[in-house]
Amino acid sequence: MLKIIKYSLIEKLLFVSFFSGIIYILVFNIFHYDQIFGYDAEAHTLYVDNFLNMFVPGKTNQPSSNFTYEFFSPPLPYIFPSFVNELCKGYLTAGNIYEDCRLLHSFLNMIFQSFLFIFTIFIYIKIVNLYENKKNILNNVAVLLVLGLFTANYRTIAMLRGETFIIFLNSFLLYRFLILYKKSFDYNKKDIFLIGATIGLLALSRQWAFLLFPAYFFVYLFKNEASIKKKYLRLLFFVFSIGFAISSWFYFSLYFEYGTFTAFNKEKIPFSLNNQPLSFYLPFGEEVSMVFTKPIRPYFMNQFLPILFADLWGDYWGYFTFTSRALDIGRNQLLIGDYLARVNIISIFPTILLFLGFRYNLKFLKKRKKEKSDFFICYLVLAVLVSFFGYLWFLISYPESTGDTNKATYIIHMFHLLGLLAVLYLENLRKEKQKIYLFWIFILAVSFINNFSAMMSHFPFQDKLINTFFFY
């Protein structure tokens with residue numbers, strides 16, 4: 001009994017320690033990053049500046065592509081920074097108003113998205129507790145050490161993008177569906193509205209969210225009881241109808257303006273595996289080894305899995321830790337390639353855990369007599385598969401010789417699904433093979449400590465905002 005109490009106390013202390021570490025990283029990045037450093041940042045900033053022109057009827061008769069080449073991006077992630085921007089422009093009367101207001105909405109938006117990430121973590125904890133019939137929040141250090149370990153998380157949160165909204169809204173959607181799985185889909189109007197509204201908001205966050213939806217329909221094929229299948233199909237009809245009602249206006253506006261629901265700023269070419277070179281699918285040559293020696297661009301250019309791996313755990317493209325566009329001001333840039341190499345070497349272990357978690361939970365698809373919560377696992381596995389192959393289809397359909405469209409941020413929701421499967425695998429080990437569970441917790445803790453600096457912006461302290469607004 002004393003041993004159990006001691007073990008529980010250690011786990012709670014670990015939870016508090018690593019949660020404090022995550023908070024420190026988020027706060028540090030808020031003061032050491034500017035969203036103008038991010039992917040396509042100028043275009044996203046123009047979206048904020050022209051938000052009213054793009055969405056207020058009668059404001060202009062120009063096509064949205066005249067304002068920003070991110071015109072195809074849904075509006076939800078831009079609402080908060082646009083609101084701050086408009087208030088700011090009404091407050092400031094002197095100086096460089098547009099730049100000063102950009103600094104403010106960048107700063108506040110990073111705070112806002114950091115809170116979304118924290119909420120996401122706690123929703124994941126609620127999911128694990130509900131699935132495992134646990135109650136104590138602090139006995140979930142595995143959630144922090146797996147889902148909080150992806151370096152791409154912190155880069156995504158710091159940028160002006162929609163993927164943070166996807167992982168937040170999807171965590172809530174998963175939680176609501178798990179509740180219904182547990183209740184054999186005895187749903188009410190509240191369930192229909194909450195799930196339907198979340199689907200609609202996901203569709204208004206970023207198009208990557210559509211990769212999450214097919215798996216809900218595929219799960220239907222794995223249900224055996226006719227009554228459950230009927231209730232589930234009715235639920236899907238109701239919630240996706242609400243989601244359509246909430247989000248379809250944006251996609252119809254793209255259709256009426258550009259002749260397609262899937263307007264984009266690059267030309268699509270007919271799908272063919274020949275669109276990409278053989279090295280994209282099967283990396284080979286001396287540069288492959290640089291994943292573990294110098295995992296930064298331009299090495300192993302346009303090689304699918306090496307870039308995705310290096311960008312998930314490190315900063316291949318150089319927008320955060322490796323400050324490729326600002327080497328003169330970035331911290332430790334002469335040594336950053338060697339450090340990120342060590343990060344990738346250590347990250348082999350959590351990557352193995354992700355694969356073990358996926359393989360372990362794959363058996364639930366084959367299981368004949370499924371329990372209520374087994375369908376939840378089936379969804380996670382199917383959503384991972386759809387997301388992976390959907391993203392691969394995108395990269396083949398819109399090829400770039402440099403591989404520029406291959407970024408872990410774009411598909412961060414897939415890694416969160418894999419992370420959740422890994423956490424549930426660890427929970428099984430906790431019950432059946434505790435020594436192996438403790439081994440993995442130790443490995444994850446070492447990885448978190450080693451990778452800590454990779455999660456932090458290496459840009460200098462951003463004092464422009466403080467100088468502008470506190471000494472205005």
Side-chain angles (χ1 to χ4, degrees), residues 17-18 20-34 37-39 110 117 144-159 283 285-301 303-354 402-404 406-409 412 415 419 440 442-462:
S17 299
F18 286 107
S20 299
I22 289 173
I23 296 297
Y24 176 83
I25 293 168
L26 295 173
V27 173
F28 181 91
N29 289 340
I30 288 168
F31 288 98
H32 290 80
Y33 199 72
D34 185 334
F37 299 144
Y39 306 145
M110 282 190 284
F117 181 67
L144 298 184
L145 289 176
V146 176
L147 290 153
L149 186 59
F150 303 129
T151 301
N153 281 334
Y154 305 97
R155 191 167 60 248
T156 303
I157 294 162
M159 294 182 181
E286 294 180 6
E287 286 201 348
V288 176
S289 64
M290 296 190 117
V291 174
F292 303 109
T293 55
K294 277 284 191 291
I296 53 179
R297 66 171 171 179
Y299 303 117
F300 45 93
M301 186 180 293
Q303 297 185 6
F304 176 42
L305 291 178
I307 289 178
L308 201 58
F309 178 87
D311 204 47
L312 175 66
W313 301 112
D315 186 20
Y316 175 80
W317 292 105
Y319 285 81
F320 200 67
T321 305
F322 166 42
T323 63
S324 62
R325 296 194 299 172
L327 292 173
D328 56 327
I329 63 172
R331 294 181 295 110
N332 308 322
Q333 291 305 293
L334 292 177
L335 303 174
I336 201 67
D338 296 331
Y339 168 66
L340 291 177
R342 292 195 299 274
V343 166
N344 278 5
I345 292 169
I346 293 294
S347 297
I348 291 173
F349 296 101
T351 302
I352 290 172
L353 178 63
L354 294 180
T402 61
D404 183 58
N406 184 8
K407 295 182 172 75
T409 288
I412 191 67
F415 295 110
W440 277 114
F442 173 76
I443 291 294
L444 292 170
V446 170
S447 301
F448 190 95
I449 294 168
N450 179 77
N451 298 5
F452 195 79
S453 184
M455 304 172 193
M456 299 163 66
S457 164
H458 280 227
F459 286 91
F461 180 74
Q462 301 297 304

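These numbers come from a predicted model, not from an experiment. One is the number of the first residue; the rest follow in order along the sequence.
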Check [X] against [Y] and note the closest heavy-atom contact, atom names and distance.
{"X": "I346", "Y": "S447", "answer": "CG2-OG, 3.4 Å"}
{"X": "A454", "Y": "T321", "answer": "O-OG1, 2.8 Å"}
{"X": "A152", "Y": "T409", "answer": "O-OG1, 4.2 Å"}
{"X": "P283", "Y": "Q303", "answer": "CB-OE1, 3.2 Å"}
{"X": "K294", "Y": "G337", "answer": "CD-CA, 4.0 Å"}
{"X": "F18", "Y": "A445", "answer": "CZ-CB, 3.6 Å"}

Parallel, tilted or perpendicular: which describes the rings of F28 and H32, with under 30° parallel and over 60° perpendicular?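 The rings of F28 and H32 lie parallel, inter-plane angle below 30°.
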F31 vs F461 aromatic rings, parallel, tilted or perpendicular, using cut-offs 30° and 60°?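 Judged by the thresholds at 30° and 60°, the geometry between F31 and F461 is parallel.
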Kindly compute the distance separating [atom1] ([X]) from [atom2] ([Y]), expressed to the nearest 0.5 Å.
{"X": "D338", "Y": "I296", "atom1": "CG", "atom2": "CD1", "value": "8.5 Å"}
{"X": "D34", "Y": "M159", "atom1": "CG", "atom2": "CE", "value": "11.5 Å"}
{"X": "L340", "Y": "S453", "atom1": "CG", "atom2": "OG", "value": "8.5 Å"}
{"X": "I412", "Y": "K407", "atom1": "CD1", "atom2": "NZ", "value": "14.0 Å"}
{"X": "F322", "Y": "H458", "atom1": "CZ", "atom2": "NE2", "value": "12.5 Å"}
{"X": "L353", "Y": "I348", "atom1": "CG", "atom2": "CD1", "value": "14.0 Å"}

Option among Y299, Y316, F300 that satisfies the side-chain contact (heavy atoms from CB on, under 4.5 Å) test with P306: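 So, applying the side-chain contact (heavy atoms from CB on, under 4.5 Å) to P306 and each of Y299, Y316, F300, only F300 qualifies.
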Please list all pairs meeting side chain to side chain donor-acceptor pair (under 3.5 Å) that have one or both residues in residues 322-334, counting only residues at least two apart or in different chains.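 Found R297-S324, T323-Q333.
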Would you call [X] and [Y] a side-chain contact if the rule is heavy atoms closer than 4.5 Å?
{"X": "M110", "Y": "I157", "result": "no"}
{"X": "L149", "Y": "F415", "result": "no"}
{"X": "N29", "Y": "I25", "result": "yes"}

Please check this pair: side chain of W317 against backbone of I307, looking for a donor-acceptor N/O pair closer than 3.5 Å.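 The answer is no, because no donor-acceptor pair under 3.5 Å joins these two groups.
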Does Y39 use its side chain to pair, donor to acceptor, with the backbone of T156 at less than 3.5 Å?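 No; judged by distance alone, with no hydrogens or angles, the pair does not exist.
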Residue pairs involving residues 148-159 (criterion salt bridge (Lys or Arg N to Asp or Glu O under 4.0 Å); sequence neighbours excluded):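 Found R155-D311, R155-D315.
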Taking CZ in F452 as the centre, count heavy atoms belonging to other residues, nucleotides or ligands within less than 6.0 Å. Is the count above 12?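 Yes, CZ of F452 has more than 12 neighbouring heavy atoms, counting only those of other groups under 6.0 Å.
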With respect to W313, which candidate in T151, T351, N344 satisfies the side-chain hydrogen bond (donor to acceptor under 3.5 Å, both in side chains) definition?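 Testing each of T151, T351, N344 against W313, the sole residue satisfying side-chain hydrogen bond (donor to acceptor under 3.5 Å, both in side chains) is T351.
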Distance flag, aromatic centroids of F320 and Y154, threshold under 6.0 Å: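 No, they do not, as the ring centres are separated by 6.0 Å or more.
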Evaluate V446 against F349 for side chain to side chain contact (heavy atoms under 4.5 Å, CB included), listing each step before the verdict. CA-CA 10 Å; V446 170; F349 296 101; over 6 Å; no
